[in-house]
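Taking it in order: structure first as structure tokens, then the write-up.
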Amino acid sequence: MVMLPHRRRAFRGGSGSPGNGFLVESFNGVTPTRHSFDIASENIGGVAFDPTGTYCLMGIYSSASSGKRRCQVFTCTNPWDLTAGTISSYAAGAPFGKYDWAIAIEWINSGGGLITLSDYQHSDMKAWTTGSSYNVSDCSSNGSLFLAPANTSDPWRYWRGKLSANGSWLSAMAGHGSTGSLAFTPTSSNNAKWRKTPLGTPWDLSTADKVDNDEGTIAGDKWGALLDTSMSATIRDVTYSPDGTSMIVLLYQYDNPVWHTFLVQFSLTTPYDIATIQTDDGPLSEVELDSDYVPSGIEISPDGTKIYIACYSSGSDYIYRFCSVSGV
């Protein structure tokens, strides 16, 4: 990773405040630890940990034929430390198909299942049941949900989403791209969209109520002072702060030859509920974490002291661990 001088940094007090004091700006200027992984000649996608920090679930982004790895589990020797450990299991072949790319990923039901999100066609989110806890080598399909219409030119084609802590609803976000992409232009004339989709049965994607959605937009000029208004921004992943009182958006802008990676934090009046997102005053907190790799996924430790960002470039796959100097 190449850490470049920050072009701008800013803190803006939004309409709410995080209940546990978590602010992404506390990671400003932190030099990360870089961990390299063999992703079977594909690209790393999402990243997720179990609550104890023992099992790191890595999504794999691959457009290759069926039989390639779609996700794998790295079991850490020491909690939250990717320095030492082993690839304890991986999923390849049936029931995972050619287009089951794990762009975004998360554990559910105490390791008894996982959720994957694919960019293929219309943001296909799928649930999987594991054969044993935190072991993905023997998964079975357990429902799916399409977040976008099956239209490759739809401007809201690519979504990123995260289930609430109790699995009762999905919070998702997409950037507006005229040719169907995650990118948006950070000006007042362009925006990103958020959506809340209730689930009739917690964790069961097949019970999603796609009619009773809450939706809204975030105007381009509400994305904060860090973004360069001359370049499009691309949303890569979303997650919650440790207590759910804010939504963290991972995005980047490409300024050849460098990808500028940003974390933008918005307050949620009701924990884990994106329908209560506060954007009128702009971000609650934001930080630029420059790298020469494409960011693909984010995870935050429960105590808020560590952020993990998965990145890839030309066959090289890394997870960067940032530890907050403020120790929040």
Side-chain angles (χ1 to χ4, degrees), residues 1-4 27 30-49 55-74 76 82-83 85 87 89-92 96 98-106 114-120 123-124 136 158-162 175 177 181-183 231-239 248-263 287-300 306-322:
M1 173 179 268
V2 177
M3 298 299 290
L4 300 180
F27 294 86
V30 174
T31 300
T33 302
R34 184 175 74 174
H35 305 278
S36 177
F37 293 94
D38 176 13
I39 311 293
S41 300
E42 307 300 336
N43 291 324
I44 193 169
V47 58
F49 279 90
Y55 302 103
C56 179
L57 179 62
M58 304 175 192
I60 297 176
Y61 170 62
S62 171
S63 57
S65 60
S66 300
K68 290 287 187 177
R69 293 188 186 185
R70 293 299 182 260
C71 62
Q72 64 185 27
V73 179
F74 181 82
C76 301
L82 296 171
T83 304
I87 300 295
S89 65
Y90 64 86
F96 287 84
K98 177 179 180 179
Y99 298 110
D100 289 324
W101 312 336
I103 294 291
I105 201 162
E106 60 181 302
L114 59 144
I115 300 290
T116 62
L117 176 62
S118 168
D119 267 350
Y120 180 66
S123 296
D124 186 7
V136 299
Y158 296 118
W159 289 80
R160 297 291 186 262
K162 188 82 169 178
S181 71
L182 280 165
M231 296 186 292
S232 63
T234 301
I235 297 174
R236 297 298 290 173
D237 200 5
V238 297
T239 192
I248 316 298
V249 185
L250 172 69
L251 52 84
Y252 76 83
Q253 291 185 303
Y254 181 61
D255 186 11
N256 192 10
V258 175
W259 283 273
H260 294 276
T261 300
F262 301 94
L263 300 181
V287 67
E288 178 180 354
L289 305 172
D290 287 318
S291 76
D292 52 355
Y293 290 88
V294 182
S296 56
I298 183 173
E299 176 72 308
I300 301 173
K306 303 176 187 66
I307 289 179
Y308 299 82
I309 297 178
C311 301
Y312 67 87
S313 177
S314 301
S316 298
D317 298 278
Y318 302 98
I319 293 178
Y320 295 93
R321 180 181 62 181
F322 296 83

| So, for F49 and Y55, is the gap between ring centers shorter than 6.0 Å? | no
| task | With rounding to the nearest 0.5 Å, note down the distance linking NZ in K68 to CG in D100. | result | 16.0 Å
| request: Give the C-alpha distance, both sets of side-chain angles, the deciding distance and a yes or no for ring pair (Phe, Tyr, Trp, His ring centres under 6.0 Å) between Y252 and F262. | output: CA-CA 6 Å; Y252 76 83; F262 301 94; 9.3 Å; no
| Separation between CE of M58 and CD1 of I44, rounded to the nearest 0.5 Å | 5.5 Å
| Within-4.5 Å side-chain heavy-atom neighbours: I300 and K306 | no
| field | Heavy-atom side-chain contact between I319 and F37 under 4.5 Å | value | yes
| task | Take Y308 and F322 through the side-chain contact (heavy atoms from CB on, under 4.5 Å) test and state the conclusion after the steps. | result | CA-CA 6 Å; Y308 299 82; F322 296 83; over 6 Å; no
| Matching residue for I298 among I307, V249, V47, V238 - test: side-chain contact (heavy atoms from CB on, under 4.5 Å) | I307
| query | Taking the six-membered ring of Y90, is NZ or CZ of R69 closer than 6.0 Å to its centre and within 45° of its axis? | reply | yes
| With a distance cut-off below 6.0 Å to the six-membered ring centre and an angular limit of 45° from the axis, does R34 pair with Y318 as a cation-pi contact? | yes
| message | Looking at every heavy atom in both I105 and C71, which two are closest together, and how far apart are they? | response | CD1-CB, 3.7 Å
| note | Minimal heavy-atom distance between T261 and P295, with the atoms involved, is OG1-CG, 3.5 Å
| Test item: L82 and R321 side chains (from C-beta on) under 4.5 Å apart, heavy atoms | no
| task | Applying side-chain contact (heavy atoms from CB on, under 4.5 Å) between V73 and each of V136, I87, L114, report the one that passes. | result | V136
| said: As an exercise, state the distance from CG of L251 to CG of L263, rounded to the nearest 0.5 Å. | reply: 8.0 Å
| remark: Between G45 and A310, the two heavy atoms sitting closest are O-CB, 3.5 Å
| task | Decide yes or no for V294 and R236: does some side-chain heavy atom of the first lie under 4.5 Å from some side-chain heavy atom of the second? | result | yes
| field | L117 side chain reached by S123 side chain, heavy atoms, under 4.5 Å | value | yes
| task | May I ask you to decide if the ring planes of Y254 and W259 are parallel, tilted or perpendicular, using 30° and 60° as cut-offs? | result | tilted
| Is any side-chain heavy atom of T234 less than 4.5 Å from a side-chain heavy atom of Q253? | no
| message | Rounded at 0.5 Å granularity, tell me how far OG1 in T116 sits from CD1 in I60. | response | 12.0 Å
| What is the minimum heavy-atom distance between A102 and R70, and which atoms define it? | CB-O, 3.3 Å
| note | CD (E42) and OH (Y312) are apart, to the nearest 0.5 Å, by 11.5 Å
| request: Over all heavy atoms of both residues, which pair between H260 and E288 is shortest? Give the atoms and the distance, please. | output: ND1-OE2, 2.9 Å
| field | Minimum heavy-atom distance between W101 and Y61, given as atom pair plus value | value | CE3-CE1, 3.6 Å
